[in-house]
Protein chains: 2
Amino acid sequence: MKLHQLKYVHEVARQGLSVSAAAETLHTSQPGVSKQIQLFEEELNLQIFQRNGKRLTGITMPGQIILKLAANVMFELDNIKRVGDEFSKVESGTLTIATTHTQARYKLPAAIQQFMLAYPQVKLNLHQGNPTQVTDWVATGEADIGIATESIGQEPRLVCLPCYEWNRSLVVPKGHPLTQAPLLSLQDFAHYPLITYDFAFTGSTTVSKVFHDAGVTPNVVLTAIDADVIKTYVNLGLGIGLIASMAFDEKRDESLVRLDCSHLFPQSTTYLGMRKDTFMRGYLYDFISMLSPQFNRSAIDEVFKITR
Amino acid sequence: MKLHQLKYVHEVARQGLSVSAAAETLHTSQPGVSKQIQLFEEELNLQIFQRNGKRLTGITMPGQIILKLAANVMFELDNIKRVGDEFSKVESGTLTIATTHTQARYKLPAAIQQFMLAYPQVKLNLHQGNPTQVTDWVATGEADIGIATESIGQEPRLVCLPCYEWNRSLVVPKGHPLTQAPLLSLQDFAHYPLITYDFAFTGSTTVSKVFHDAGVTPNVVLTAIDADVIKTYVNLGLGIGLIASMAFDEKRDESLVRLDCSHLFPQSTTYLGMRKDTFMRGYLYDFISMLSPQFNRSAIDEVFKITR
DNA sequence: CCATATTACGGCATGCGTAACGATC
DNA sequence: GATCGTTACGCATGCCGTAATATGG
């Protein structure tokens, strides 16, 4: 069994069962890839790919399993390489962060700026997506850490650190009747068209549950993936917006008024997730500390010790 | 990076830092091993082994990490090979069970006999040791499954299935005064010399806690690793024996009397543990079912789904 | 007929083994 | 001086790449 064979098989699957495409991205020849896959299948005494004559048409059941295991092995090998970089004091490399819009736009910038100054040699990648994608990217190793709310805690391959708590605010145009209300109630929501996050987003399930339990049916006229879009539409007078409090910027959003809702909804927690088997490079610890100062190196190690 | 290099490094460490010994067991030449390790270290830009001139004297810190990761990789590769065997319908292979004396002697025989009849091609290995060793063997992949009480649940790399509950019994020679007691109490224990399991054993911590909480100090005159030894000494009239109820055999132990103690001690659970990332071969499922019928294939899959 | 996988074959790099060397205990 | 790890060198294996062939859409 050769490492190349694992890579080849993995890449062929990733390229949608195309040997030629895989050979391309692997900077090698098609026949080479073809041959090695055959040898590999021969050694294991099974077919990984279904073939129709000379065309690859699917992945067999054992193939599925093998691909998964192969991905694991390659991840571990990456870990080994990282140990090398780490201890040779070359504090360079890549840090890929998967996160949602709100985090990327309002919470991460401070930590990222600080990090880039401390580690100018480290290349930063931001993968932006919805919480499910974030979880997935981290689980498959495409991203080093993921930052999102709730759903990231479900994936058993990940370790989760609670980063910070947050709640929601209502944003309305200046002079809106609700700005006169003494204390906002859930019932107030029903009287105005509501604009809020996509329901694929976590937090939203929390929100919808609160409304449901209170017997209030909000009139959701528009859902968006990010707070900036929501605020834009609120500005246009199309409704009132329910967003994460941190997504309100006193200066930039001076045409809007923020009404705190923390008495109406339970707090949500933003988690930071990593694969349990990630090798913790020095700058990973530091990044986490910058984002969430209560986690120093030993606190993080402690969490890993408990979970994995 | 080559697979051999991982193997070589691993084996050299396992052989107590001897390149020659490693080369021996790997059926290759010393210079080959030496060279490959150097190349590997060079590629990673770090030293795995500390050297005093030309002698290997220790393992560096990064080396420790790398050895661990390398062991993981090799375990995953084994998994891949097993998938091969599994799907090529060759129901042969090896099943290594790590367990304690009591389980091996009184609980496993039935399941093992049944298993050997069903899978004559599978070679069975029994590793016997104390619960800590059992846990360790499974965690490192030396054994496929481990069967022991309590402590096996602490290791986070393992999945645990609760197999069965059990409690303890007191064994005394026929005609012993305690056989006349209406219902055994903890106080009764203090009046006679007690022989029981080694305190390294789990269950024993439970037992000692019960005595401690009751303010009773038993007079432990002898501890042993297994029930057979305990029973032997009870037979010799050296004391009363506290053992797992299942370790009493009505026929073989007819010179002794068993007094149930389930009203005195909390029940203990015997767990079956496997590495979370084990590839589950068909016969592994079957063995578990034979040992603990409430676990059919889907029940086991369910547990894995939750834990890993 | 084009795209794509497999087969055939030659060059080349890499790993292995023997022999020699050097160092440590 | 014996054991053990490293260096040197020749050989064989096996991988890669080009060219040719077969097979599907």
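We name chains A, B, ... by the order of the sequence lines, and we start the count at 1 in each one.
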*Asks:* Does B:Arg51 make a side-chain N or O approach to OP1 or OP2 of D:dT6 shorter than 4.0 Å?
*Replies:*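 It does, given that an N or O in the side chain of B:Arg51 lies less than 4.0 Å from OP1 or OP2 of D:dT6.
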*Asks:* Among pairs that include at least one residue of residues 25-34 of chain B, which meet side chain to side chain donor-acceptor pair (under 3.5 Å), considering only residues two or more places apart or in two chains?
*Replies:*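 Sorted pair list: B:Glu11-B:Thr25, B:Ser34-B:Gln38.
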*Asks:* Of B:Leu17 and A:Gly32, whose nearest nucleotide on DNA chain D comes first from the 5' end?
*Replies:*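 Here B:Leu17 is the residue nearer the 5' end.
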*Asks:* So, B:Arg82 and B:Asp144, do they make that salt bridge, N to O below 4.0 Å?
*Replies:*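 Counted as a salt bridge, because a side-chain N and a carboxylate O are separated by less than 4.0 Å.
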*Asks:* With a non-hydrogen cut-off below 4.0 angstrom, is B:Tyr8 in contact with a base, only sugar-phosphate, or nothing?
*Replies:*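 If one applies the 4.0 Å heavy-atom cut-off, B:Tyr8 turns out to touch the sugar-phosphate alone, with no base involved.
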*Asks:* Going 5' to 3' on DNA chain C, which nucleotide is the first and which the last to come under 4.0 Å of a heavy atom in chain A?
*Replies:*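 Span of nucleotides near chain A: C:dA3 to C:dT7.
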*Asks:* If I take atom CD in residue B:Glu42 and atom P in nucleotide D:dT7, what distance separates them, rounded to the nearest angstrom?
*Replies:*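 Checked: the CD to P distance equals 10 Å.
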*Asks:* Is the number of heavy atoms from other residues, nucleotides or ligands within 6.0 Å of CZ (A:Arg14) greater than 12?
*Replies:*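 Counting neighbours around CZ of A:Arg14, 12 or fewer heavy atoms of other residues, nucleotides or ligands fall under 6.0 Å, so no.
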*Asks:* Nearest heavy atom decides the nucleotide; on that basis, is A:Pro31 or B:Val19 closer to the 5' end of DNA chain D?
*Replies:*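 Its nearest nucleotide being more 5', the pick is B:Val19.
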*Asks:* Provide, to the nearest angstrom, the distance between the CG atom belonging to A:Asn52 and the C1' atom belonging to D:dA22.
*Replies:*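 Atom-to-atom, A:Asn52 to D:dA22, this comes out as 14 Å.
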*Asks:* Quick one: B:Gln15 CD to D:dC4 P, roughly how many Å, whole number?
*Replies:*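 So the CD-P distance, B:Gln15 to D:dC4, works out to 12 Å.
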*Asks:* Checking A:Ala139 now: which residues fulfil side-chain contact (heavy atoms from CB on, under 4.5 Å) with it, not counting sequence neighbours?
*Replies:*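 Here the qualifying residues are A:Glu155, A:Arg157, A:Leu158.
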*Asks:* Among D:dC16, D:dC15, D:dC4, find the nucleotide with the atom closest to the side chain of B:Arg55.
*Replies:*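 Nearest to the side chain of B:Arg55 among the choices is D:dC4.
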*Asks:* Mind checking if B:Lys2 touches a base, just sugar-phosphate, or nothing, with heavy atoms under 4.0 Å?
*Replies:*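 Result for B:Lys2 = sugar-phosphate.
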*Asks:* Quick one: are A:Gln15 and A:Glu24 in side-chain contact, heavy atoms under 4.5 Å?
*Replies:*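 A side-chain contact under 4.5 Å is absent here.
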*Asks:* Would you mind reading off the distance between A:Leu26 atom CG and D:dG17 atom C1', rounded to a whole angstrom?
*Replies:*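 Taking atom C1' of D:dG17 as the reference, CG of A:Leu26 is at 15 Å.
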*Asks:* When the distance from CG of B:Leu39 to P of D:dT7 is rounded to whole Å, what number comes out?
*Replies:*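 Checked: the CG to P distance equals 11 Å.
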*Asks:* So does B:Ser34 get a side-chain nitrogen or oxygen closer than 4.0 Å to the phosphate oxygens (OP1/OP2) of D:dG5?
*Replies:*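 False: B:Ser34 side-chain N/O out of range (4.0 Å or more) of D:dG5 OP1/OP2.
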*Asks:* Given atom CG of A:Leu3 and atom P of D:dG14, what is their separation to the nearest angstrom?
*Replies:*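 Roughly 16 Å, once rounded to whole Å.
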*Asks:* Output the rounded distance in Å from CD (B:Gln36) to P (D:dG5).
*Replies:*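 Distance, rounded to whole Å: 16 Å.
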*Asks:* Scan A:Ser20 against the nucleic acid and name what it touches under 4.0 Å (heavy atoms): base, sugar-phosphate only, or nothing.
*Replies:*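 Answer is sugar-phosphate: A:Ser20 comes under 4.0 Å of backbone atoms only.
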*Asks:* By the definition side chain to side chain contact (heavy atoms under 4.5 Å, CB included), identify the one residue from A:Val73, A:Leu69, A:Leu67 that meets it with A:Leu6.
*Replies:*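 Exactly one candidate clears the test, A:Val73.
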*Asks:* Would you indicate, yes or no, if D:dT7 has its OP1 or OP2 atom less than 4.0 angstrom from a side-chain nitrogen or oxygen of B:Gln38?
*Replies:*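 True: B:Gln38 side-chain N/O within range (under 4.0 Å) of D:dT7 OP1/OP2.
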*Asks:* Does the side chain of A:Thr278 come within less than 4.5 Å of A:Leu284's, by heavy atoms?
*Replies:*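 Yes; the side chains approach each other to less than 4.5 Å.
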*Asks:* Separation of A:Gln5 atom CD from D:dG14 atom P, in whole Å?
*Replies:*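 In whole Å, D:dG14 P lies 12 Å from A:Gln5 CD.
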